Each structure stands twice: as C-alpha cells, then as structure tokens.
Q: 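Mind having a look at this structure? Questions to follow.
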Amino acid sequence: MAEAEGVIKFQLDHRAGESVAPASVRSLTAWRALLHRLGLVGQDPARYGGYGFGNVSVRVAAGFIISGTQTGAPEWLPIEGWAHVTVVDLSANAVRSEGPVRPSSEALTHAACYALEPTIAAVLHVHCPELWAAAETLGLAETPADVAYGTPAMATAVRTAHVQAALGDRGLIAMGGHEHGIVSFGPSVAIAGSLLVEALARALEQSVD
C-alpha cells in the first residue's frame, strides 16, 4: 500500500510568525504555479488519498523558505503559505521553523539537498508517475525502495545518490521508496524547474510511437 502523504516524521519546533518577504518567493511561486498546471504539485481526491503533494523551496541567508504542509491545493500559493526553516539537525531528525504555517513534511529532504553543495539554491519535489516509472531508463539517480520520505535515512540516501551520480549543484533524483516522488535541484529555481520539465519530456517521448 502506498505511504500516506503529508505526515511530518521529524521533531518540529515551529514558532508562529510573520509571512516571508514576497520578493523572496516571487520566482518560486511562479514556478510552483507552472508545476501545479502540469499536475506535478497539487491536491486531487483521486491521488494519494486526497492529500496534497509536492513542495518547493529556495535557499535564503538563514536557512530556506519552503511551501507549508498540505498547501498543495491552490495553483498560486499565497504569501501565508510559506514557512521559513531556520535550523535543521539531520542527525537528530529535528527542524526549527517560523511563519504562519508549518513547513512541508519533506523539509528534511530539502535540507539534505542544500547540504550537498553550497551553490544549490532551489529544490523542487514533485510527484510525476511518468518520470518516476522511466527513472532507470533515463539514467536518473535513485534512492532505494526501502527508504521512506522525510526521514534521516532519506537524507542519507539522497547524499549517496548524489555522490554516486556525481551530480554537482544540479540534477534529478528519483525517490524509489516514495511513490512517484522526484527531486530536482539547481543553482536557481529556473534551472531546477527546467531540468524537471526537460526530463518529463524525455519520459513522455518513450510513449510516442
């Protein structure tokens, strides 16, 4: 049975606070809207038990800004839908955040991606059946099927996949143990998003006669 979406598995110390500065998520909001239109981020009663899926983030001076938990439904995420993750301790499975909403349950995985390279500036986690199914054919880096999302084990698996594939500061990783889960990262939101869309196009090519 598929693992439920949206369950926070780390220790969260969240403090209610003000919304992030609109300028800090302007590009991220636009790319998230595009991913929503493509069905890679969203909320659908027919998918994943009706839970919201997909989350996006951008690095800032102190941590990173990430879409809030279970905020997949709106195409355009309002400024109140973002959380600022200020501290992550992967070894202790702990996250500290602030803002009007709690961070996505995938915040630990996003933190693991930012820890890979200092020039990684954006992380996009989507759910894409076509790309996930074609991951091996396309030669994507993958995490093992027995590693669950949102855990220290996933953070370790992401680092291992990154090193084995020599991805540097941009690339895609298929989450073998997280149904349809794909992570894209890059030195900008535009690069991470473009990598994702281009890979989806290559996956769709395989179904063309």
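None of these values were measured; they are calculated from a predicted model.
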Q: Determine, using the 4.5 Å side-chain heavy-atom cutoff (strictly less than), whether Ile66 and Leu196 are members of one ILVMFWY cluster.
A: no
Q: State the SG-CG distance between Cys128 and Leu204, to the nearest 0.5 angstrom.
A: 7.0 Å
Q: Do side-chain atoms of Trp132 reach the backbone of Met175 as a donor and acceptor pair under 3.5 angstrom?
A: yes
Q: About how many Å separate CH2 of Trp82 and OG of Ser97, when rounded to the nearest 0.5 Å?
A: 14.5 Å
Q: Is any side-chain heavy atom of Gln70 less than 4.5 Å from a side-chain heavy atom of Gln43?
A: yes
Q: Check for me, please, whether Phe53 and Trp31 land in the same ILVMFWY cluster - side-chain distances under 4.5 Å, paths through other members count.
A: no
Q: Looking only at heavy atoms, which two atoms of Leu167 and Ala141 are closest? And how far apart?
A: CD1-CB, 4.2 Å
Q: What's the shortest heavy-atom distance between Ala107 and Val85, and which atoms?
A: CB-CG2, 4.5 Å
Q: Distance check, rounded to the nearest 0.5 Å: Leu90 atom CG versus Thr151 atom OG1?
A: 10.5 Å
Q: Measuring only between side-chain heavy atoms, which start at C-beta, is His125 closer than 4.5 Å to Thr109?
A: no
Q: Report the residues that fulfil side-chain contact (heavy atoms from CB on, under 4.5 Å) with Ala122, sequence neighbours left out, ordered by chain and then residue number.
A: Val189
Q: Under 3.5 Å, is there a donor-acceptor pair between the side chain of Asn93 and the main chain of Lys9?
A: yes
Q: Is Ser184 reaching over with its side chain to a backbone N or O of Leu124, donor-acceptor style, under 3.5 angstrom?
A: no
Q: State, yes or no, whether a side-chain contact exists between Arg32 and Val25 at a heavy-atom distance under 4.5 Å.
A: no
Q: Indicate if Val183 and Leu140 have the same hydrophobic cluster label, given that clusters are the connected sets of ILVMFWY residues with side-chain heavy-atom separations under 4.5 angstrom.
A: no
Q: For His180 and Tyr48, take the angle between the two ring planes, folded into 0 to 90°, and tell me which bin it lands in: parallel under 30, tilted 30 to 60, perpendicular over 60.
A: perpendicular
Q: Any heavy-atom pair between the side chains of His162 and Glu117 that's under 4.5 Å?
A: yes
Q: Whether the side chain of His84 engages the backbone of Ser19 through a donor-acceptor N/O pair (distance < 3.5 Å, no angle test) should be reported.
A: no
Q: Roughly how far apart are Ile173 CD1 and Leu116 CG, rounded to 0.5 Å?
A: 6.5 Å
Q: Partners of Arg26 by side chain to side chain donor-acceptor pair (under 3.5 Å), sequence neighbours excluded?
A: none
Q: Given side chains that start at C-beta, do those of Val20 and Ile79 come closer than 4.5 Å, heavy atoms only?
A: yes
Q: What pair of heavy atoms forms the shortest contact from Cys113 to Val158, and how long is it?
A: SG-CG1, 4.1 Å
Q: Please check if atom CZ in Arg102 has more than 12 non-hydrogen atoms from other residues, nucleotides or ligands closer than 6.0 Å.
A: no
Q: Side-chain heavy atoms under 4.5 angstrom apart, residues restricted to Ile, Leu, Val, Met, Phe, Trp, Tyr: same cluster for Val123 and Leu40?
A: no
Q: To the nearest 0.5 Å, tell me how far Ser24 OG sits from Ile65 CD1.
A: 3.5 Å
Q: Can you name the closest pair of heavy atoms from Ile120 and Gly168 and give their distance?
A: CD1-O, 4.3 Å
Q: Could you check whether the rings of His110 and Tyr114 sit parallel, tilted or perpendicular, using 30° and 60° as the cut-offs?
A: tilted
Q: Between Thr143 and Gly176 (side chain of the first, backbone of the second, donor and acceptor by atom type, cut-off under 3.5 Å), is there such a pair?
A: yes
Q: Run the side chain to side chain donor-acceptor pair (under 3.5 Å) test against Asp44 and tell me which residues pass, sequence neighbours left out.
A: none
Q: May I ask you to test the Leu28-Leu77 pair for a side-chain heavy-atom distance under 4.5 Å?
A: no
Q: Determine yes or no for a side-chain-to-main-chain donor-acceptor pair under 3.5 angstrom, with His127 supplying the side chain and Glu179 the backbone.
A: yes
Q: For the side chain of Arg159 and the backbone of Ala112, is there at least one donor-acceptor N/O pair under 3.5 Å apart?
A: no
Q: Decide yes or no for Glu80 and Val101: does some side-chain heavy atom of the first lie under 4.5 Å from some side-chain heavy atom of the second?
A: no
Q: Examine distances only and state if a side-chain atom of Glu142 and a backbone atom of Ala161 form a donor-acceptor pair shorter than 3.5 Å.
A: no
Q: I'd like to know if the side chain of Glu98 and the backbone of Thr86 have a donor-acceptor N/O pair within less than 3.5 Å.
A: no
Q: Rounded to the nearest 0.5 Å, what separation is found between the CZ atom of Arg15 and the CZ atom of Arg96?
A: 5.5 Å
Q: Using every non-hydrogen atom in the two residues, find where Gly171 and Leu195 come nearest and quote the distance to one decimal.
A: N-CD1, 3.6 Å
Q: Working note: Val197 + Leu38, criterion side chain to side chain contact (heavy atoms under 4.5 Å, CB included); need CA distance, chi angles, decisive distance, verdict.
A: CA-CA 9 Å; Val197 174; Leu38 292 173; 4.2 Å; yes
Q: If every non-hydrogen atom of Phe10 is compared with every non-hydrogen atom of Ser104, which pair is closest and at what distance?
A: CZ-O, 3.7 Å
Q: For Met154 and Glu106: C-alpha separation, side-chain torsions, deciding distance, then whether side chain to side chain contact (heavy atoms under 4.5 Å, CB included) applies.
A: CA-CA 10 Å; Met154 178 58 78; Glu106 291 281 2; 5.6 Å; no
Q: Hey, any chance Val60 and Val87 share a hydrophobic cluster, counting ILVMFWY side chains that come within less than 4.5 Å of each other, even indirectly?
A: no
Q: Within a strict 4.5 Å, meaning less than it, do heavy atoms of the Leu12 and Pro103 side chains meet?
A: yes
Q: Do other residues, nucleotides or ligands put more than 12 heavy atoms under 6.0 Å from Glu75 CD?
A: yes
